[in-house]
Amino acid sequence: MALRYCAGSSAYVPQRSSMSIFTRQMNMEAQSVAAHLNSSGFIRSQGLIGGKWIDAYDGKTIKVCNPATGDVLTNVPFMGGKETNDAIASAYDAFVSWSKLTAADRSKCLRKWYDLIMAHKEELGQLITLEGGKPLKEAIGEVSYGASFIEYYAEEAKRVYGDIIPATLPDRRLFVLKQPVGVVGAITPWNFPLAMITRKVAPALACGCTVVIKPSELTPLTALAAADLSIQAGIPPGVVNVVMGNAADIGEALLASSQVRKIAFTGSTAVGKKLMAGAAGTVKKVSLELGGNAPCIIFDDADLEVALKGTLATKFRNSGQTCVCANRILVQEGIYEKFANAFSNAVQSMKVGDGFGEGVVQGPLINDAAVQKVEKLVQDAISKGAKVLVGGKKHSLGRTFYEPTVMIDVKGEMLISREEVFGPVAPLLKFKTEEEAISLANDTNAGLAAYFFTTNVQRSWRVAEALEYGIVGVNEGLVSTEVAPFGGVKQSGLGREGSKYGIEEFLEIKYVCLGNMN
Ligand code: ADP
């Protein structure tokens, strides 16, 4: 394993001589895990096309770095349009036989893949921590969550039912068949390097589609390890392909190909809009899971303990770097001060550090750009009258560590209320009435997840119905599960992932009319 630092991956790159003892220990732990994963073949440094491990055709590579230490973990191929076209061709060929297997046979392959992922839960979790910075316990949790989609769709593969429609003429019979859409391009972000892939690939494979995966270049190693396990599980070559490198070129090739019939994307709203526009040329299906701006409403009648626990969970998961993290915490005036104090106390005691550290619950942010965005939004809020109760600046650990932060006196017009902060910053806004809370909560183009806390049953229904969001958590901050539909309304996206609804995104409906049946 190389021990160079990634250029530009952090504003602050410590010199080895000036490193604190803690930083040195932190690096050693990560380095020994990386060395172990490397020697056991768990770190893959090539793309996967047609069942073969492949370098970029021109030999170019990019570094994959550990955001907590800056160490280079490995180099992966910097692929582009040519490799993507070959991956599409492999997926297209493999579709012919994979789609013709019985659902039971595909189900067995998926089940085996699930078993292998669970058998390697620890190593995959370590890989997620190494390349994404997520605390190890949370990373292992992601592995179970990611694997659950494979298990679920291994079962659901056998339940892709069609319909028989009562005919309108006596000599006719009318059927509806559901068939796999074909080759799927799955483009995924860095914040859930495994789960965002399995949430797309599992339903796609279950119903007979084949895939070209384009993971984030920041976290491709988990994707490659998972793909390797898919081959070990007996999923045939070409069914799962992985390319990475030049995102725009790869995206372009996926969009331009008439063989790719569907794009499944999780990422920023800006890129999602580009993909949606680009898919028009070949009229592909798209499902998009884009940015959120989640409100988390604490009503005066909330159970304080429940509200604290739920809000902490939804705000600080993955150091605030998920699209369903609470972005605006709206607190009713009667409970505002009490909540702010109790919340600040809890946030103050959160341990920040390398994800391998004992008791660490907050890892680094993914890169410099992420820190700069957080700093910009915090400064904007301060300049417009918000106050910092806890945190509010980069952490003394340096690099991309940021202090868990609580701000009060935040207003709806501040940037921090308008944009996704994607970091460990909790802005508290005050409201008076339920109507005001709903109006504030819905005052955004986003519509992914919303949360609220109340002990009033009537209010639970009323507010859940009034919130313009695809997902609503009532007295609960962690709502994601493979059995429920995940997705947004408004500019947070199209389509749903997970649950019985998720597989529909990978199916075409075919109406068959049989005539002359007398
Ligand atoms: P994030 O800010 O979460 O990284 P992005 O939308 O930038 O969100 O990235 C999500 C995924 O989309 C990544 O795999 C990234 O490489 C990919 N991506 C970025 N730009 C494009 C593009 N023009 N075409 C296709 N994929 C892209």
Side-chain angles (χ1 to χ4, degrees), residues 9 47 62-65 67 76-81 83-85 87-88 131-134 184-201 211-224 226-227 241-257 260 262-282 284 286-293 317-325 327 365-374 376-377 400 419-423 446 448 488 491-494 497:
S9 71
I62 41 166
K63 294 170 186 166
V64 182
C65 299
V76 294
F78 189 75
M79 294 172 154
E83 296 86 346
T84 306
N85 284 333
I88 295 168
E131 62 178 353
K134 196 177 276 189
V184 173
I187 304 175
T188 55
W190 50 265
N191 60 346
F192 288 92
L194 182 71
M196 292 308 99
I197 291 175
T198 55
R199 211 157 75 170
K200 296 166 180 58
V201 172
V211 295
V212 176
I213 302 168
K214 209 293 286 168
S216 167
E217 284 65 36
L218 298 171
T219 57
L221 303 183
T222 309
L224 293 170
N241 303 274
V242 186
V243 291
M244 74 235 86
N246 185 327
D249 285 0
I250 294 170
E252 194 55 45
L254 289 169
L255 291 171
S257 168
V260 176
K262 152 105 193 173
I263 299 285
F265 173 75
T266 300
S268 63
T269 307
V271 172
K273 286 180 181 177
K274 266 193 215 166
L275 294 173
M276 192 173 173
T282 48
K284 299 184 204 311
V286 285
S287 50
L288 305 170
E289 200 264 276
L290 311 178
N293 180 1
R317 185 172 177 206
N318 200 16
S319 303
Q321 303 174 106
T322 88
C323 44
V324 292
C325 276
N327 203 52
L365 299 193
I366 189 69
N367 57 18
D368 279 345
V371 177
Q372 280 155 17
K373 178 163 192 200
V374 169
K376 181 184 99 175
L377 298 189
T400 57
E419 296 179 21
E420 254 186 318
V421 62
F422 239 65
L448 187 56
Q491 293 186 25
S492 284
L494 291 175
E497 292 187 331

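For ligands, and for the atoms within them, numbers begin at 1 and follow the listed sequence.
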Q: Using a strict 4.0 Å threshold on nitrogen-to-oxygen distance, state whether Lys134 and Glu131 make a salt bridge.
A: no
Need the list: ligand 1 N/O atoms against protein N/O atoms, distance under 3.5 Å, rounded to one decimal.
from     : atom 1 : to     : atom 2 : distance (Å)
ligand 1 : 4 (O)  : Trp190 : NE1    : 3.2
ligand 1 : 6 (O)  : Ser268 : N      : 2.9
ligand 1 : 6 (O)  : Ser268 : OG     : 2.6
ligand 1 : 8 (O)  : Ser268 : N      : 3.4
ligand 1 : 14 (O) : Thr188 : O      : 2.7
ligand 1 : 14 (O) : Lys214 : NZ     : 2.8
ligand 1 : 16 (O) : Lys214 : NZ     : 2.5
ligand 1 : 16 (O) : Glu217 : OE1    : 3.1
ligand 1 : 24 (N) : Ala247 : O      : 3.4

Q. Got a sec: does the NZ of Lys274 have more than 12 other heavy atoms crowding it under 6.0 Å?
A. no
Q) Is there a donor-acceptor pair under 3.5 Å between the side chain of Thr322 and the backbone N or O of Val324? A) yes
Q.
Using every non-hydrogen atom in the two residues, find where Ala279 and Val286 come nearest and quote the distance to one decimal.
A. CB-CG1, 3.6 Å
Q) Looking only at side chains, do Lys200 and Thr266 share a donor and an acceptor under 3.5 Å apart? A) yes
(Q) Holding to salt bridge (Lys or Arg N to Asp or Glu O under 4.0 Å), I want the full list of residues that pass it with Lys262, two or more places apart in sequence or in another chain. (A) Glu505
